[in-house]
Amino acid sequence: MIIAFHESTPLVDNLSNPLRADKISPTRANDAIRLPTSAEQKKVQKLLQQWPKSLKLTTPIPPNCRTVVVKQHFDPILNPTSIRSFPFLWKSVDIYRSPLPFREIDSLSTQLRSDNLLFPLHFHAIFVGFGPDPDQLHRSILSEITKLTSENSKCSSNYTLSVTLDLGSRCLRSPTSSPHSSSYRCGSITATDFVQNDDVAVDERLASVFGRKTKEYSVAVVKGGSERAVVGKHRHAWMVVDDGSEVEAAVVKVAELLVKVFINGGRDEGSIRNEFMPVGADGKIVLSFNLLNADPLDWVYDWDFEKIDDALLAPMIEALGPVANISVESQVLYHTPKASFSYWNQKLESYVFSTRDLPFFVNSNEWHLDTSIAAGGRSKILQFAVYVPSAKECPLLLQLPNGVMSKTNGFTSPMWGGVIVWNPQGCLKDSEFEPSAKNIIPMQDLENMFEVFIGQLRQLFGFKSANVYAGASGDWNLLPSERGFTEWELEVLSRQQACFNLHSCATTLGSLSRLVQSLPRMIIMDEIGKQVKFSLEAAKLALSNASSGVYESSAASSSQARSLAEDAFFHPSIMSVSYYSFEHCFAVYSPFFLPVSMHVVLAALRELRRYKQEKAKYLVWKAKANTPS
Amino acid sequence: MALLRRPPLMLILVVTSQFLQLWIAFGSVNEEGQRQEEFYEELLLKPLPDRKVLTHFHFQSSAPPTSNGRHHHLFPKAISQLVQKFRVKEMELSFTQGRWNYESWGGFDSIPSSNAKPPGVELWAVFDVPQHLIDSLWKNLTHTLSGLFCASINFLESSTAYSAPEWSFPPASGNLRYGTLPREAVCTENLTPWLKLLPCRDKAGISMLLDRPSIYRGFYHSQRLHLTSTESGSEGMDPGIILEQTLTVVLQPNSQRASLAHASEKHFQPSWSLSSIFGKQVSGKCVLAETSNVYLLLDRGLVAELKQLHKENEKSAEKVLISENFWTNPCFELSAKPDMIFIEESSLLSKNSSVLYKFEVEKYSEFEPFDLGLTWKIPVVWLCQQAPLHASRFLMGSGNERGAIAISLKSTQLSEGFMGANSDYERCELRVDVFQVVPWYVKVYFHSLQVFVDQQPKAVSDIIEKIHVSPSKDKVSPGVMELVLKLPCSVSSAALTIEFDKGFLHIDEYPPDANQGFDIPSAIVSFPNFHASMVFLGNDSLNKSPLLSKFKEKSRVMSYTEVLLVPLTTPDFSMPYNVITITCTVFALYFGSLLNALRRRVAEEERFLKDKAAKKTGRLPLLLSKLSAKLRGRCLEPTHSAPASLSFINSQLVLKVILVAGLAVRVKVRIEMYADQVEGAGKRSVKERLNGNSFHNSIPRRQTTGKRQRQDEKWEHDLYHDDVPQVSNRTTDARDLRLKLQRKSLQQVSQSGRGALSGVRDLREKLSGTMNPWPVNADPPKLKSDVTKPTRRSVAVETSEPEPQKAATTAAKKKAQQKADASVEGFLQSLGLEKYAITFQVEEVDMTALVHMTDDDLKALGIPMGPRKKIILALESRG
């Protein structure tokens with residue numbers, strides 16, 4: 001509060017003395033500042049001496065002071081302590097928000113959106129026993145490839161092609177050969193290598209020729225011999241053609257191989273299944289194997305899971321390491337009937353379960369497959385179930401839609417898992433089964449079953465379970481790997497995983513930054529800031545790895561980026577609605593501001609009305625005053 | 001086995017025939033027979049003295065220590081994952097509904113001491129990790145369990161809900177955490193996930209009996225899950241786990257005999273069968289169970305009673321009880337033939353021993369279901385074995401402020417046997433452990449602990465041998481009290497009291513139903529010198545029964561007291577909003593009136609109102625105003641008529657002003673509390689704000705009150721020029737409020753002028769906080785102030801009060817008129833007749849009036865001839 005001091009006590013006399021008051025005429029009254037008399041000054045000094053220390057003078061008082069400006073404590077608004085306490089007050093209602101790198105998030109998503117993620121791929125085509133123009137072949141293969149590649153996918157590849165014509169003693173190379181293909185020694189592949197019918201042996205031979213370490217997809221076209229087209233377990237394929245066949249047909253077939261198999265993994269449309277990659281947001285998969293004894297009163301089967309885990313699953317899990325972190329668990333459940341009925345087929349002497357009833361096969365009421373405490377919150381759990389039917393419905397066969405019985409006797413459900421029906425041996429013959437005896441599923445059957453499960457897992461990942469790729473220009477035999485997934489398939493998965501993870505990471509971070517920016521009163525913990533930072537770093541690493549062609553590490557760091565982004569987005573402090581709701585604000589302050597604003601509005605209206613009235617009067621008077629003069 | 005894993009052997013395996021494989025597989029299993037996962041199911045039935053039946057289901061699954069704990073054949077996967085993830089060494093979770101009746105259902109056997117549980121949920125767990133990790137593991141464990149069992153166990157996550165008992169809780173160790181939820185309701189949703197852990201669920205075996213309606217109709221049921229992880233021998237092996245699931249139900253069989261209204265029938269124990277109490281029968285065992293047995297237990301009291309009855313009839317009672325055809329003995333009849341009968345190894349404590357009948361469910365099938373029935377032939381009355389002391393707990397005190405908890409221990413008198421065991425009766429001491437957890441809002445004063453033995457107060461140090469107390473921290477941790485009491489064996493009653501204050505909770509800590517009260521969890525009273533164990537004589541097959549080996553274990557006799565319900569002060573939860581609303585309304589009112597007072601130009605409004613009143617003025621207001629004028633002893637100018645209606649209309653305003661004044665007084669009081677006299681300057685400024693433009697006559701003040709008022713003045717100029725007839729009231733504006741108050745007081749208080757004056761003064765004094773423009777405190781010299789104060793005040797009264805009525809106008813009025821009449825003055829000045837200006841002013845003649853003035857009029861004003869002519873000529877020339 002500011003007080004003009006000079007009008008203090010002595011002026012009382014002015015009022016008591018009408019004469020003096022008279023003297024302070026309107027003309028004097030406009031004179032705002034009056035020099036204080038010496039007596040008044042003394043009084044002021046005295047007053048100031050008596051003032052408590054809490055009153056602070058902003059300036060020292062000069063002897064000839066006219067106006068002393070004093071700030072006082074009691075005013076709740078302008079009081080200096082209250083002004084000083086404003087930072088504290090502000091701090092107390094301040095909300096902690098860790099700074100997030102919004103710009104970097106934006107740049108990441110724009111980078112991913114604008115220029116497609118390009119994975120560099122090197123192809124090497126070797127023609128043995130063909131005509132002498134590698135450039136011509138190079139051009140024609142490239143043109144075929146461009147015909148086949150579709151541009152709609154999010155992640156495309158940036159391929160280079162080199163063509164080598166092996167003439168036995170010397171090689172003709174196309175001029176744009178990549179540095180990798182130079183490692184190929186001329187004459188190391190001859191037509192005689194392919195005479196034998198053992199594809200596996202040929203594959204091994206080629207692997208030794210091309211070297212396992214190269215990051216190059218090679219295809220050898222050999223003239224002479226029985227016609228054959230095989231894709232190996234590593235990164236190469238070979239094709240044996242007749243002596244008389246044209247090079248053009250081979251070129252078309254090679255181009256198709258490169259695009260459809262090596263780039264897209266032999267799938268019809270690579271990009272469609274991206275969203276259905278059965279990998280959890282934290283990059284983990286839990287394979288939960290269940291042996292379901294439909295009715296233990298009939299028979300009880302157990303399995304030796306540890307053995308099969310070591311023999312069949314462990315190599316596959318190791319192979320899939322870069323794509324996903326997989327863990328395996330198993331259990332045996334009892335009293336688990338299926339949910340739907342089958343019918344007796346006299347001809348097959350078995351019970352038949354048709355495809356259209358398959359959605360009702362899984363009995364979620366009785367099959368307690370679900371609980372996996374070991375799995376983290378966002379891991380993907382894939383359930384694989386072996387169903388041992390009860391005596392009432394044994395043997396049970398699954399019928400395909402075309403009426404043929406399923407060979408594997410199993411089915412998959414995307415993103416859920418797979419089921420195999422296994423009929424016990426003594427099922428048909430009314431052999432005296434000791435009901436409560438614990439039987440073990442024979443190892444041979446178990447191996448077969450798990451091969452089917454691996455096929456089902458391949459299907460869940462989007463690969464064909466068949467060993468033949470039927471292209472437009474001809475079939476390719478695909479050599480199966482004992483690890484479940486061949487090297488080139490794993491690379492396809494890695495690329496796809498990296499691409500999907502990066503996009504998902506960018507989307508998650510983008511929505512997080514949008515959420516954070518839209519809620520200015522939301523608390524953001526430091527941990528979230530850290531997670532976002534690390535996620536961005538991992539994403540950058542994944543991008544740089546992808547562009548240099550290191551797919552495995554790119555996939556690994558991209559899945560890390562994604563899981564960190566998800567962690568940040570689903571952080572418990574964000575999940576709880578910790579911001580101050582507007583409604584609350586409204587409920588607390590409206591009882592005050594509503595009546596106050598009413599007063600203010602009324603006062604303003606009155607003032608306005610008065611102003612108008614007076615203005616009118618003034619104008620009338622002015623007009624009147626003007627007219628006489 | 002290790003050899004088998006090697007690839008060459010595997011190859012051989014593949015090559016050899018399937019049969020061989022099978023054989024080897026079987027062989028491998030047999031080879032490691034102890035490594036098998038096993039499951040046992042058992043049911044114990046026991047008639048209770050108060051015509052009820054105790055049924056106790058006991059399921060046990062065990063998993064051996066393995067190197068690969070991820071694969072399971074019988075053992076529930078969820079539990080093993082739980083143990084591995086949270087490093088649980090031992091854990092017990094119980095869901096209980098109802099209270100175990102220690103008096104009539106017994107308190108000494110191993111069933112009550114390990115299966116009688118406090119109502120609601122009780123969870124304790126021992127972790128196999130370093131101390132600092134335990135709490136986080138506990139929190140995660142509660143969340144997982146709450147998901148697994150569909151219960152609100154996650155409420156035990158908060159540190160206010162669990163405690164770490166040091167030594168009084170039986171499996172005590174530093175790694176133990178203990179928490180209870182007394183209010184948790186137990187229902188089918190909790191039973192279904194519990195059953196899911198059994199390999200056969202409720203599809204086969206003994207668990208088929210678990211008919212939900214009959215279980216939940218029971219008097220007591222407690223569903224319990226206890227797991228122990230056994231130490232694995234070598235490093236890298238996952239620990240073996242023993243999971244023990246029990247369900248204890250006390251049921252009242254429907255007595256069919258009630259219809260056969262025999263007078264003596266009511267002494268008969270009700271006859272029952274499995275199908276009558278559960279409505280179901282057992283159709284064979286669960287094929288996965290190693291053993292599947294039903295036991296019928298007749299406890300010591302009952303056996304003794306039966307023997308007594310037999311002695312009356314026959315001589316060889318002992319023989320009859322265990323003879324092969326016992327199941328058709330004269331006292332009762334069993335519907336099924338027991339496979340085996342066991343007699344308890346007679347202990348030192350009791351001469352009698354209980355009898356156990358074993359029935360193997362394996363022999364029964366769907367076509368021949370097992371249905372055990374018991375039919376009484378003669379009335380039997382017996383008593384169950386009691387714990388040495390019966391513990392109960394209650395609250396003392398009334399009101400919402402404080403109270404006391406009392407734990408009373410009464411001797412059951414039935415335990416002379418145990419007492420007698422100690423030969424030296426004098427020095428015999430009974431050790432009692434008490435473990436009590438109190439929530440933090442029950443603030444216990446541990447110094448107020450009092451002990452009474454046989455109703456005599458005793459020194460605490462005499463009785464309490466050991467005490468461990470961890471006081472509660474508000475909103476952080478509960479209070480824990482662990483006591484070891486040494487009571488003389490001859491004690492008949494003992495009591496512990498401890499006083500507490502009830503705390504206040506934050507508004508969001510109240511549960512949804514806050515008015516119900518708050519639960520204090522049960523206290524655990526245990527008797528470490530007494531162990532409940534039953535050892536049955538029989539062949540080795542008994543060792544395979546987990547239930548009986550459980551009975552064999554020496555478990556400490558334990559009992560839980562009642563849950564206490566403490567009513568706490570429950571606030572009206574709408575209160576904060578009410579307070580906000582009221583406070584805001586008061587502030588808004590204050591603000592509004594302040595704004596109004598600041599904004600108001602009272603003089604102007606008054607004039608306006610007067611104008612209005614003058615227009616439609618009747619006789620009455622005129623008369624009233626004349627009257628009031630007379631009352632003041634002065635002549636009232638007709639234009640000054642102050643209509644009575646004005647004061648009525650403004651009464652509201654007056655009220656508001658009083659309110660504001662009141663608030664200002666409060667402000668002043670507050671200020672004066674810490675401000676001394678010099679601060680009066682500040683006070684004045686408050687007054688200044690409050691009074692607004694009530695100081696119009698103090699011109700120097702007006703100079704400084706800011707732009708707004710100066711602007712006001714400008715407006716006043718305009719008004720003055722314009723409204724000719726209304727000018728005369730200029731002076732009233734300064735004292736408008738006071739004037740109004742004066743008038744009001746005049747009308748109210750008295751008729752005499754003197755009284756009016758005094759009334760004015762009183763009111764002024766009342767309002768002095770706001771109205772007095774010269775604060776007393778502002779006088780710098782204190783001595784002087786005593787002298788000047790009264791004079792000043794009287795001066796103030798005189799100057800302020802009569803002015804408007806004076807014919808001789810005050811300076812202010814003059815000033816105003818001078819200003820306004822400038823044109824007449826100027827006119828006269830131009831003629832050199834300024835000395836007559838005062839005359840015109842007296843008669844209130846302005847230019848307009850002057851124009852219309854005739855010679856006669858001027859004559860009447862007393863203007864001499866010369867000037868008169870000059871004026872008229874000048875007027876004519878202007879017009």
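Chain A is the first sequence line, chain B the second, and so forth, proteins listed ahead of strands; every chain is numbered from 1. As the structure is a prediction and not an experimental result, all values here were calculated from the model.
Between A:Phe305 and A:Phe289, the ring planes lie tilted relative to each other; the angle falls in the 30° to 60° range.
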**Asked** Can you list the steps and then say if A:Leu605 with A:Val601 is a side chain to side chain contact (heavy atoms under 4.5 Å, CB included)?
**Response** CA-CA 6 Å; A:Leu605 281 176; A:Val601 167; 4.2 Å; yes
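Among the candidates A:Leu291, A:Val596, A:Leu594, A:Leu333, the residue making the largest number of heavy-atom pairs closer than 4.5 Å to chain B is A:Val596. Counting heavy-atom pairs closer than 4.5 Å to chain A, the top-ranked of the candidates B:Gly147, B:Pro76, B:Pro199, B:Cys286 is B:Pro199. Per-residue heavy-atom pair counts under 4.5 Å with chain A were compared for B:Ser593, B:Cys200, B:Gly284, and the maximum is reached by B:Cys200. For the options B:Leu288, B:Leu589, B:Thr583, B:Val586, heavy-atom pairs under 4.5 Å to chain A are most numerous at B:Leu288.
Residue contact with chain A, scored on non-hydrogen atoms closer than 4.5 Å, involves the backbone and the side chain of B:Thr581 alike. Looking at B:Tyr577, only its side chain comes within 4.5 Å of chain A, counting heavy atoms on both sides.
For the residue pair B:Lys77 and A:Ser330, no side-chain donor N or O sits within less than 3.5 Å of a side-chain acceptor on the partner. No side-chain donor from either of A:His599 and B:Asn596 sits under 3.5 Å from a side-chain acceptor of the other.
Checked by atom type and distance alone, the side chain of A:Trp367 pairs as donor or acceptor with a backbone atom of A:Pro337 at under 3.5 Å.
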